[in-house]
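A quick write-up on the structure given underneath.
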Amino acid sequence: MLKPEIEDGDQGLADPQFRADVLAGFAQAPRAIPARWFYDRRGSELFEAITDLPEYYPTRTERAILEQACPEVATLAGRGRAVVEFGSGSSAKTPILLRAVAPDAYVPIDISGEFLRESSRALSAQFPELLILPFEADFMHPITLPRAIAAVPKLGFFPGSTIGNLTPLMAVDLLRAMRASLGQGAMLLIGMDRIKDEATLVQAYDDAQGVTAAFNLNLLARINRELDATIPLDAFRHRAIWNDDRARIEMHLEALHDIAFTIDGRAFTMAGGETVHTENSHKYGPRDARILLRSGGWTPVAEWTDPDGLFALYLAEAQPVRPAP
Ligand code: AVI
């Protein structure tokens, strides 16, 4: 992920990429660690808890939009497609789409094989007639989908506003990769969170129960556990800030006072007030979303929102590949 990567989260060999990202992230200015490292087992549990919070409107709002929109999606997409879900995770919203579209096949793609197999098993109990082809892959780059669906037109599914966790430049790269992976004639159903008043946005990422704070701080606990680090957790606080210029919520971990610690034997210091930037969650107005889709090689064909305009779902079709000029 972009999406939850389930790992032991215990001792044992740390992922070399995790070590490299953390060491580089603490050494650079401003300090920053990629958000994908939130999702060890504890982080994934905390994210699930976030999706149930009263302040975190995106999950329940998108679910309601899907319930209303999926019959129309089925009409617009037509029969005989294969649904390909990117970063399927627990496939929580998938049954709504599968029931409406009745696809020829369902291909959940996730970077975590264990998670993928677990959720595919659960889904096949619910849809015993459906051909389910779990596919373990990093979908940030174009991928070759299973041969069994080579001749079938695809309907990509990317719910959750996970696209918002990428910078616009990376989001365009991802949309282009999806178009390359899904091929000619493909369609894409994608959720994007909308720009709205600052208070609603900040509360969604800084809830009263402190679950999002625990999710953010768990990254430091994971670094201590897996990279033999000595970061004093109680010397940090969670911050959620609306960056209006970039139309995004930023999550940071702020040092409360001057501190010194080691990570994998390397010494670091931070001054009180300094932060580590841990996540971006970009929000898109209706025009922004359509421009983003077009830049990524997709033509919007329909969009749905909730009565309060909090969240939006877009159906788009792959722009045909034209020979130059
Ligand atoms: C996974 N992603 C879409 C969530 C979001 O809203 O950006 C991650 C999240 N971070 C804090 N709360 C939720």
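First listed ligand is number 1; within each ligand, the first listed atom is number 1. Residue numbers run from 1 in the order of the sequence given.
For Thr212, no nitrogen or oxygen atom sits less than 3.5 Å from a nitrogen or oxygen atom of ligand 1, counting backbone and side chain alike. Not one N or O of Thr162 is nearer than 3.5 Å to an N or O of ligand 1, by distance alone.
The ligand atoms of ligand 1 that sit less than 4.0 angstrom from a heavy atom of Ser281 are 5 (C), 6 (O), 7 (O). Proximity to Tyr205 (heavy-atom distance under 4.0 Å) selects the following atoms of ligand 1: 5 (C), 6 (O), 7 (O), 10 (N), 11 (C), 12 (N), 13 (C). Those atoms of ligand 1 that come under 4.0 Å of a heavy atom in Ser161, given as number and element, are 3 (C). Proximity to Gly160 (heavy-atom distance under 4.0 Å) selects the following atoms of ligand 1: 3 (C). Remark: ligand 1 atoms within the under-4.0 Å shell around heavy atoms of Tyr56 are 4 (C), 5 (C), 6 (O), 12 (N), 13 (C).
Of all the heavy atoms of Ile249, none lies under 4.0 Å from any atom of ligand 1, so neither backbone nor side chain is involved.
A side-chain donor from one of Thr278 and Asn216 sits under 3.5 Å from a side-chain acceptor of the other.
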Practice item. For Glu279 and Arg36, run salt bridge (Lys or Arg N to Asp or Glu O under 4.0 Å): C-alpha distance rounded to whole Å, both residues' side-chain angles, the deciding distance at 0.1 Å, then the answer. Key: CA-CA 9 Å; Glu279 186 179 59; Arg36 62 187 286 241; over 6 Å; no
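We find that Arg81 and Asp104 are not joined by a salt bridge, their nearest charged nitrogen and carboxylate oxygen being 4.0 Å or further apart. With respect to the salt-bridge test (charged N to carboxylate O, under 4.0 angstrom), the residues Asp228 and Arg225 do not qualify. Glu303 and Arg290 are joined by a salt bridge, as a carboxylate oxygen and a charged side-chain nitrogen come within less than 4.0 angstrom of each other.
For the pair Arg31/Met270, a side-chain contact is recorded, criterion being any heavy-atom separation below 4.5 Å from C-beta on.
Heavy-atom separations between Phe38 and ligand 1 are all 4.0 Å or longer.
With ring centers used as reference points, Tyr57 lies 6.0 Å or more from Phe311.
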